[in-house]
K.L.:
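Before we start, here is the structure in question, set down as structure tokens.
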Amino acid sequence: MPVTWLNAVNGSDIDTAGGKGASLGELRGAGLPVPSAFIVTADTYRTFIEEAGIAKELFEVVDVDNEDSTALAAAEQRARELIMNAEWPETVQSTILNAYDDFGDSPFVAVRSSATAEDLPDASFAGQQETFLNVDREELLDRVKRCWGSLFTQRAIYYRDEQGFNHETVDIAVVVQRMVGAEKSGVMFTSHPSTGDSNVVIEAAWGLGEAVVSGSVSPDNYILDKQSGAIEEMTVTTKKTKCVKDAATGETVERTVADDRQDKRVLSEAELDELRKIGRQVEDHYEEPQDVEWAIAGGDVYMLQSRPITTIDETTNGAATDDRSETDGDSDGEILSSGLGASPGTVSGRVRLIDKLDHLDSVTEGDVIVAEMTTPDMVQAMKRAAAIVTDEGGMTSHAAIVSRELGVPAVIGAETATETLADDQYVTIDGDKGTVVDGATAEMESDTDSPTGASDAATGDTEASGARHIPKPMTATEVKVNVSIPEAAERAAASGADGVGLLRIEHMVLSLGQTPEKYIAEHGERAFRQEIIDGIRTVAEEFYPRPVRARTLDAPTDEFRQLDGGADEPTEHNPMLGYRGIRRSLDKPAVFEIQLDAVRRLHEMGYDNVELMFPLVTDAEDVLRAKSHMQTVGIDPDKRRWGVMIETPASALSIEGIIDAGVDFVSFGTNDLTQYTLAVDRNNSNVANRYNELHPAVQTLMTDVIKTCRASDVDTSICGQAASKPTMVRSLVNAGITSLSTNVDAVQDVQQEVKRVEQKLLVDTIR
């Protein structure tokens, strides 16, 4: 049958109604308030492509190498053409339109894709197929076809291949559901989404739920006791905009919230309690925690969708823990070397001295890498290591950043470690205290079956490495995470961060071992672009739909000089002040546009969470020139989110012109902003004691930029090392910053600090 109504479907009908349709039918059958809908069945899609004679070609064109972005793009385009150009069977067309007419009042409807492989326990496929809101009768058949076509977006093809799903066995149904003219809407987690704690977490905003789901509005947050309904925590945010249906066109548009409602709480206690009761009912029905989309219209609460929560860490069973399977760092051994504790954790292992790149193959699982400094070429070896020790570097060095992201304990700037330590020597590394101690801990010495010791820290086992499972607080200020290498994406995503505030493209490029020009000369532009696509896609997929800000190439010439082809790099007295950042990109537009084109292709593949960010801009002229290159490669700066780094006093003082250039956000790089403001080389030990991100001059530049950006509705962020310092967090949250992006190991601490500051601000406004 081409069409079935929602009240005839239940959770076992995935093959007919798809995952979303079956779930909605199950909820409606359980007596929950789900708006009426009919379903264009999965059999209808299958019959359509077979009777139109396009099935064979359709599955042939999507049988491509999923790592070849050009082939994926061609497959998507051809698949969509086949579906959109095929003729409707007359009986199917009339059946769908007759079902719509049965609503009786010609309502606007939501047309939602519902694939038969969707919302599954082991593969979510979330966000990969299309949903169209506020559709009328005239548009309905076109939108159904577009839903079918979205089964073959580049992202969907790639994900099915990676998950091992055969394209020919996945069908798609389409839910056609009466639109709810929501006055209030949001999401509800029937248990805490990170820890599984027995709380109901509700996010709410004015208008349609699209604003909450897309992240365009910071919603109110309510945490309720699941049993009593008592409000344990409440954060009321400023909600300047809302999504509503345009009465004339039926399209979803953004409107300004009335001044007297922007700071008003959205939900009353009665509404919160009704949502809590509905949440308990749906959780009891499915016998597992649920993520629910809801809306309130005319005083009635409606459930729009429900799916299992897949982010709960099952090892905690809803209880916080601070147990450590590793040693607490105490040892009777002699301290052989010491430096900065740059990445936390305590492990024991055998020393592996690295003074040349061809020695990297000698590093085995559980070894302790000891080197003068690390470079991007060493990342693969660092992934195998239990710990890292370097003679040189600081908290913002390559070794420190990568170690933190990999969860590998590190001691940085130990000065003479390569001279003091010897190959195969057994040592214990304390990444908190910054010490290297002779021998293993007592626990490690007794573990004769596992001589390499605490490899759990290196593999990111949070329970073994002592990570604290603290409930993720709901904050108006977003807390994001910095990612330097794609290999760290999974661990970063598991931190509970609200997205990636900084993804460094230069680490992907430098890890190739050749300068961009050399690599392109030997392998071609396509191969270079594909390396960037693959790196960003790894992170974007892990975080989707949370935003990922990818920063274009920013590496000083001394780093390029170490690579094959680096002999052609200029020799600079101070590379940090030299040929780097946007100035290099604008001077070498060919390499720059390959990076931009990689992002454009990712957008086409469905990774609309990727945002572009340009480093080391000086003024509006830099920004406008970069924007022009975006347009040259086909990125529409009015439709895609993009922004710049504020890393120089000049850019901070030129912020009004930069805003006028059209940026959506700016992000402070405090490492550079501090050194350029105070004339302090952050890598120079002679003046390191004068390096201070909290200096009043640096603080004034940042707070002035935040104030100017807030007046123009431009988001502000910070992605430097200072984002993890409580004093900096307090200062910037009080100033009104939109988000903070920190190292993966600091995400939980920063979340808690932000929560404290926001609560104090809320209390101060009441007193």
Side-chain angles (χ1 to χ4, degrees), residues 394-396 477-480 482 501-502 549 551 554 556 574 576-578 580-583 613-624 626 642-684 687-743 750 753-754 757 761:
M395 294 296 285
T396 60
T477 308
E478 294 181 331
V479 179
K480 299 179 180 178
N482 299 331
L502 173 62
R549 289 180 180 170
R551 186 181 71 184
D554 181 23
N574 188 340
M576 296 299 289
L577 293 173
R580 54 172 289 222
I582 198 65
R583 58 190 67 163
M613 185 160 64
F614 301 122
L616 208 67
V617 300
T618 301
D619 49 33
E621 182 181 354
D622 282 345
V623 182
L624 289 169
W642 63 286
V644 300
M645 300 283 292
I646 300 296
E647 300 168 279
T648 66
S651 59
L653 296 171
S654 302
I655 189 60
E656 290 183 352
I658 290 173
I659 291 172
D660 289 342
V663 297
D664 297 297
F665 60 85
V666 302
S667 186
F668 299 111
T670 50
N671 299 336
D672 277 341
L673 184 59
T674 301
Q675 72 172 351
Y676 295 143
T677 302
L678 304 182
V680 173
D681 180 353
R682 70 179 194 245
N683 293 323
N684 187 334
V687 292
N689 63 327
R690 301 186 67 87
Y691 182 85
N692 177 20
E693 305 101 323
L694 299 173
H695 190 283
V698 181
Q699 293 288 294
T700 298
L701 287 171
M702 290 195 291
T703 53
D704 286 351
V705 168
I706 293 171
K707 180 179 179 181
T708 304
C709 287
R710 288 188 67 185
S712 299
D713 286 330
V714 171
D715 289 347
T716 52
S717 183
I718 177 176
C719 56
Q721 178 72 18
S724 61
K725 295 185 176 181
T727 304
M728 182 67 82
V729 172
R730 289 193 291 271
S731 172
L732 295 180
V733 173
N734 276 299
I737 199 166
T738 310
S739 66
L740 303 102
S741 188
T742 186
N743 305 320
V750 173
E753 186 63 34
V754 168
V757 178
L761 285 170

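Just so it is clear, the model here is predicted, and its values are computed rather than measured.
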K.L.:
Please test Met613 against Val644 for side-chain contact (heavy atoms from CB on, under 4.5 Å), starting from the C-alpha separation and ending with a verdict.
P.N.:
CA-CA 5 Å; Met613 185 160 64; Val644 300; 5.7 Å; no
K.L.:
Extract all donor-acceptor atom pairs below 3.5 Å that involve side chains of residues 726-733 and protein atoms in other chains or at least two apart in sequence.
P.N.:
{"residue": "Thr727", "atom": "OG1", "partner": "Arg730", "partner atom": "NH2", "Å": "3.4"}
{"residue": "Arg730", "atom": "NH1", "partner": "Glu753", "partner atom": "OE2", "Å": "3.1"}
{"residue": "Ser731", "atom": "OG", "partner": "Gln699", "partner atom": "OE1", "Å": "2.6"}

K.L.:
Would Asn692 and Thr674 count as a side-chain contact (heavy atoms from CB on, under 4.5 Å) if you check the C-alpha gap in whole Å, the side-chain angles of each, and the deciding distance to 0.1 Å?
P.N.:
CA-CA 7 Å; Asn692 177 20; Thr674 301; 5.6 Å; no
K.L.:
For residues Ala723 and Ser741, report the shortest heavy-atom separation together with the two atoms involved.
P.N.:
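It is CB-O, 3.3 Å.
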K.L.:
Output yes when Asp554 and Arg583 qualify as a salt bridge under the 4.0 Å nitrogen-oxygen rule, no when they do not.
P.N.:
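Looking at Arg583 together with Asp554, the answer is no, because their closest N to O distance does not fall below 4.0 Å.
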K.L.:
Please name the pair of heavy atoms, one in Glu647 and one in Met645, separated by the smallest distance, quoted to 0.1 Å.
P.N.:
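Heavy atoms of Glu647 and Met645 come nearest at OE1-CB, 3.1 Å.
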K.L.:
Rounded to the nearest 0.5 Å, what separation is found between the CD atom of Glu693 and the CG atom of Leu678?
P.N.:
9.5 Å
K.L.:
Taking only residues at least two apart or on different chains, which pairs with a member in residues 650-666 satisfy side-chain hydrogen bond (donor to acceptor under 3.5 Å, both in side chains)?
P.N.:
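Every side-chain hydrogen bond (donor to acceptor under 3.5 Å, both in side chains) pair that includes a residue of residues 650-666, provided the two are not neighbours, is Thr648-Ser651.
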K.L.:
Under the side chain to side chain contact (heavy atoms under 4.5 Å, CB included) test, which residues partner Ala661, sequence neighbours left out?
P.N.:
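Once residues adjacent in sequence are excluded, the partners of Ala661 under the side chain to side chain contact (heavy atoms under 4.5 Å, CB included) criterion are Val623, Leu624.
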K.L.:
When rounded to the nearest 0.5 angstrom, what is the spacing between CD in Gln675 and CZ in Arg690?
P.N.:
15.0 Å
K.L.:
To the nearest 0.5 Å, what is the distance between CD1 (Ile646) and CG (Leu616)?
P.N.:
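So the CD1 of Ile646 and the CG of Leu616 are separated by 10.5 Å.
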K.L.:
Consider side-chain contact (heavy atoms from CB on, under 4.5 Å). Of Asn671, Leu740, Asn482, which one does Cys719 pass it with?
P.N.:
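Answer to the side-chain contact (heavy atoms from CB on, under 4.5 Å) test with Cys719 among Asn671, Leu740, Asn482: Asn482.
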K.L.:
What are the two closest heavy atoms between Leu761 and Asn734, and how far apart are they?
P.N.:
CD2-OD1, 3.1 Å
K.L.:
Set out, in order, the CA-CA distance, both residues' side-chain angles and the distance that settles side-chain contact (heavy atoms from CB on, under 4.5 Å) for Leu653 and Val705, then state yes or no.
P.N.:
CA-CA 8 Å; Leu653 296 171; Val705 168; over 6 Å; no
K.L.:
Got a sec, which residues hit side chain to side chain donor-acceptor pair (under 3.5 Å) with Ser739, two or more places apart in sequence or on another chain?
P.N.:
Ser717
K.L.:
Are the side chain of Thr703 and the backbone of Thr700 linked by a donor-acceptor contact shorter than 3.5 Å?
P.N.:
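Checking the backbone N and O of Thr700 against the side chain of Thr703, a donor-acceptor pair under 3.5 Å is found.
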K.L.:
Measuring from atom CG of Leu502 to atom CG of Asn743, what distance do you get when rounded to the nearest 0.5 angstrom?
P.N.:
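If I round to the nearest 0.5 Å, the distance is 10.0 Å.
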K.L.:
Mind listing the side-chain donor-acceptor pairs of residues 706-716 below 3.5 Å, one per line with the distance, residues two or more places apart or on another chain?
P.N.:
{"residue": "Thr708", "atom": "OG1", "partner": "Asp704", "partner atom": "O", "Å": "3.0"}
{"residue": "Asp715", "atom": "OD2", "partner": "Arg641", "partner atom": "NH2", "Å": "3.1"}
{"residue": "Thr716", "atom": "OG1", "partner": "Thr738", "partner atom": "N", "Å": "3.3"}

K.L.:
Drop me the distance from Ile737's CD1 to Phe668's CZ, to the nearest 0.5 angstrom.
P.N.:
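Interatomic distance, Ile737 CD1 to Phe668 CZ, rounded to 0.5 Å: 5.5 Å.
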K.L.:
Minimum heavy-atom separation for Arg580 and Tyr676, please, with both atom names.
P.N.:
NH1-OH, 2.8 Å
K.L.:
Compute both the distance and the angle, then confirm whether Arg551 meets the cation-pi test with Phe614: under 6.0 Å from the six-membered ring centre, within 45 degrees of the axis.
P.N.:
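No, cation not above the ring by the 6.0 Å, 45° rule.
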K.L.:
With sequence neighbours left out, what residues match Ser724 under side chain to side chain contact (heavy atoms under 4.5 Å, CB included)?
P.N.:
Gln721, Thr742, Ala746, Val750
K.L.:
Can you tell me how far CG of Asp672 sits from OG1 of Thr677, rounded to the nearest 0.5 angstrom?
P.N.:
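So the OG1 of Thr677 and the CG of Asp672 are separated by 10.0 Å.
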